[in-house]
Amino acid sequence: MSDDFLRLVSQANPASREYQPANNNNNGYHPSTSVSGPYANSSDPQLLDPFFDDDDDMPDSAFGRPMPMESQESGLPLARSAAPPAGVSKVMLGDGVPQGWNFDDDDLQTSNQRPFQGSHSFPGQASSTLEKSPRKSKKRAWRWPWQREKVLEGERVVALNNRAANAEFISNYVSTSKYNMITFVPKFLAEQFSKYANLFFLFTACIQQIPDVSPTNQYTTIVPLAVVLLASAFKEVQEDLKRHQSDSELNARKAKVLESQGTFEEKKWKDISVGDVVRLESNEFIPADMVLLSSSEPEGLCYIETSNLDGETNLKIKQGSPQTSTMTSPHMVTSLRGSLRSEQPNNSLYTFEGTLELLTSMGTPKQVPLGPDQLLLRGAQIRNTPWLYGLVVFTGHETKLMRNATAAPIKRTAVERQVNVQIVYLFILLLLLSIGSTIGSSIRTWFLSSAQWYLVETTTLSARAKTFIEDILTFIILYNNLIPISLIVTMEVVKFQQAQLINSDLDMYYARTDTPALCRTSSLVEELGQIEYVFSDKTGTLTRNEMEFRMCSIAGIAYADVVDDNRRGDGEDSKGNEDVWRTFAEMKAMLEDNANPFVDPSASGSLTSDADREKEVIGEFLTLLAVCHTVIPEEKDGKLQYQASSPDEAALVAGAELLGYQFHIRKPKSVFVNVLGVSQEFQILNVCEFNSTRKRMSTVVRMPDATIKLFTKGADTVILERLSKNQPYTEKTLAHLEEYATDGLRTLCLASRDISEQEYRQWSTIYDQAASTINGRGDALDQAAELIEKDLFLLGATAIEDKLQEGVPDTIHTLQQAGIKVWVLTGDRQETAINIGMSCRLISESMNLVIVNEETAQGTEEFLSKRLAAIKNQRSTGELELEDLALVIDGKSLTFALEKPISKVFLELAIMCKAVICCRVSPLQKALVVKLVKKNQKAILLAIGDGANDVSMIQAAHVGVGISGVEGLQAARSADVAISQFRYLKKLLLVHGSWSYRRLSKLILYSFYKNITLYMTQFWFSFFNNFSGQIAYESWTLSLYNVVFTLLPPLVIGVFDQFVSARILDRYPQLYILGQKNEFFTSKAFWMWVINALYHSVILFGFSVILWWGDIKQATGYDTGHWFWGTTLYLAVLLTVLGKAALISDIWTKYTVAAIPGSFAFTMVFLPIYAVVAPAIGFSKEYENIAPRLWTDAVFYFVLLLIPIFCLSRDLAWKYYKRTYMPSSYHIAQELQKYNIPDYRPRQEQFQKAIKKVRAVQRMRRNRGFAFSQTENGKQDQAKLIRAYDTSKSDAKPSGY
């Protein structure tokens, strides 16, 4: 058998080469080295693999063990319940190392050895010419809009320190803009001509070009249409330029990239490519998705803040792999050889699977498993880590952040869609009028031609058919302005102006960060007045994510930062009275002073011993706060800063510092606390971590006096059941807990016990055994902790305030009064979410909570169906009101609830509730919830958030609002409106939204009205002109009607009109319901305006014809003629239409005066000048000699006075009747505003407060939130993390250079 055939088989069959000896031809490397592949430096045509596609990656089994990507945790020594790589058994191999592989950390190939030449899966060092050649990164491949993006399958292989080999990956350039130079024209035109009005005018402009068809000038439609399109294009370009500008700023940011010579070069973000090693320093943003290699911190740890991604400001801990964490200098990193195999780009923020395959000095590959703990995501920020090295794995639009950002959708408002439908109705009306007029013309031609012998008529059938078609087109052109050409551009201009008013509103300007409101998409302003559902993020949107230590209960006595007068007690009562609250300052004074200020020295000795015991308990309580935690202290500018994975923990430690117990140094085995100025060392023996099942954390500590104590803190329910008998403070502590919880504070109980040396030794053995368990290590540790966490002594409780954004409770309450349902979608845990729901008045005390916590799809369906049936039953019997329900559902149950069969049941139940809270939800689930409601409810939805995890939700809703504050600008950039505080939402919706909706409704209906009034007179005239297509008015005067003479009134109404003032809208949020019900822009309103226009046109035309019957003779003896009558009628129509604008204006400003009387005054001056100039220059002959005759005639002025007054008298009478006998809610509000009527609503605040308190206490007994928001993903062992730190040696950190 030939060698070639053997080699062919060995390549085709991975199993056959697993144990092959090294082949000399392959330089002693793995047999697969010379296989042709994307990174091989030489390709031999004879060695092509007939069984595997040549572009495919090498099969995983080629290297003797399966790819450790699927069922594997991060594999770090700190990993909790860490599993060995698949296929490796510790039982069989003893030490867990497969035979024949070298796993020594020191054995990686260094730069002084002969570089590896490259293989299929392990690209070697590229030649120096390749290294220096300028690399062209691919930009995103072009695809047509209808083409689906190709889904990448398999795995991605990134070469280490070999730029040329990574040339196939896309660049790090990102773009969030809507258009570019090539796509602008097609995209813009497609969007504009999706508006039926523009499509119709394009059609009219085309048929106007046909000779002998158009009765008007051939440019009278195409010129205004071009102006309209140019105005819209200008607006779109302005808005998109802002997006381009922010993209350019982002792409031009700088980062330090490692070069092959071992130096760092500053490069723009857009020039960073896959495979680059980047050095990042504290407070810098991460430019691309990177794998953490090493950092300045022990064991490759680093802190990142993901507020840009998920709105969470608490720091997340990431950790480099132990195999790379020792590489703390550039030359060590440049010596790395091998490849990184990872999953393909995807949108999952919380998962990552990859394997770093490093070549040792022997040339054998060594696999280093990677998980989410090593992945640094683009958009996150490095915190409290002087420097780190990261290997770029995903760039540009392949990063997880950009994968979560869906393309900005083209949002169309409900009003715009309605306008499109109304334009179709008007087009049908226009066709009917045109066909009717054409039939009239045909009757004249076919049946009355003998009586009109002086007209040349065609008699052949084909010629008559041609004339019929031409006549239809003629009449379409004649009546085309039934659909107002200026409407679309007026709407655009008005919306743009309304957006400017929002931008310049000082009530929505946040001075602290110098941030005004910013309306980025002006086309959606009227939808702000019709919102029915608000979907809000919690962290950073409702809350500031700042925790503050506010109160505590120690030894049955309540202490607070600030004590209310009603809790303080006064005079004699306060002495020795334990029900009286005290301040932190009093507690500190008591600790510092040996004499107890609260005890009368003349009192009996038993009281003194009580005081001493109380002081002892306070000392132990504060020691527990300063010692039992996983916080790491850092000194910056002489100030101590606490780094914690949970903001609650940091708040508790800061609270202890405030009270004189300052935690300041952490060593691997102990912590140092300044107790009232004296530094004491507490030895940390064991840490039993917090998790959501245990709901507590314990630390076994050797005190400075060598005694051993157990300190435990956790939720009251779990601590109380582990107390010993005869507790002195339980009752009082519980009473205080209820008070704290009623105030919406997050509570924890603190307890301790003494442990004897013997008991500790016995327990320590059990604990160590549990810690060394491989499978089920977490459960074993929990069970070990259970053994010692018993017979505790209750010291007291803490209360932490998760600070809400200013004005949140009031805003949510007002929005609910306005008929808006608020849903909170948060990644936080359930207890925290319910707590915040209570404190921000989303959930009231009277509500019943429906809590869904099911583990299976079937369980979720059964629970939801049962609850829905029960609620429907109670509703039908009248037992339950709408306000009574709030739904709380967690992420797991929500996953099932969003599936097709259950989603309708879930939605039906959710809609019955006044408030809905979804906890532990992913960014995608947020968008899916919004889409579910959007699809099944005919309601307008608003989503508000502040982090990148809210972007998909913001874009899925009809209106997206981003909070541009502390959390970064990802959400604000993608949103339609950006505000800096949640409380501004109230004014944005209730005031600006209501005004915009009302203004636009008036503008659109009035625009239809004014055009129908004028053009229907043209139709009535057809009956008098033999259906010849003769126009009543001069063609340019006709065109100027929309573009000049009646342009200002709708504009001014659209920008400045206020149906009620901002104060009234804020005082009576119920007025907002008018917009939700679409009261002002219904089909009925549209047809009423159309009928009104028809009525006015009949009166105007009828009166003018009667007055001119048989023509009027002037004093000079001349007939007045057609243009004399036509111009008089035109001006009468104009005056009527302007009078109607005056009637519907709710507020008169200087602009209203300029627009309404001003427009008529301008026309009366402009027309005579035009009538003189146009014929003189040969521009238009119709007005020859008309000016001196018309403007001096008394009949002309009589018509202008009489007919408009007669027309509008009906409108005025109807307005009076409607206001007096059938007033709407806003009519009454207008009167309250006009006459400044005081509002004497009975105030029962004290009574309501008392009821609220009772209900709150009842609820809190059932459900109390506790303060722990630590991330617990099972990957990192907090206990081992803190052991890695020695903050007393902070100067010994590597520099990274």
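One-based numbering along the sequence shown.
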Minimum heavy-atom distance between Thr399 and Phe394, given as atom pair plus value: CG2-O, 3.4 Å
Side chain to side chain, Lys256 and Glu281, heavy atoms closer than 4.5 Å: yes
Note, Arg279 side chain near Glu284 side chain (heavy atom, < 4.5 Å): no
Donor-acceptor pair, side chain of Gln374 and main chain of Gly371, under 3.5 angstrom: yes
Least distance between heavy atoms, Thr324 atom then Ser294 atom: O-CB, 3.5 Å
NZ/NE/NH1/NH2 to OD/OE distance under 4.0 Å, Lys400 and Glu343: yes
Aromatic Phe285 / basic Arg253 pairing, under 6.0 angstrom, 45° off normal: yes
Side-chain heavy atoms of Leu258 within contact of Thr334, under 4.5 Å: yes
Closest non-hydrogen atom pair, Arg341 against Val157: CG-CG2, 4.0 Å
Check: Val278 and Ile272 side chains under 4.5 Å, non-hydrogen atoms: yes
Sole candidate of Leu391, Leu388, Val291 that passes side-chain contact (heavy atoms from CB on, under 4.5 Å) when paired with Leu376: Leu388
Any Thr326 side-chain heavy atom under 4.5 Å of Glu299 side chain: no
Over all atoms of both residues, closest heavy-atom pair of Thr328 and Ser295: CG2-O, 4.1 Å
Arg383 vs Asn283, side chain to side chain donor-acceptor pair (under 3.5 Å): CA-CA, chis, key distance, verdict: CA-CA 5 Å; Arg383 291 283 191 197; Asn283 298 326; 2.8 Å; yes
Pairwise side-chain contact, Lys318 with Leu301, heavy-atom cut-off 4.5 Å (strictly under): no
Side-chain heavy atoms of Leu375 within contact of Leu292, under 4.5 Å: no
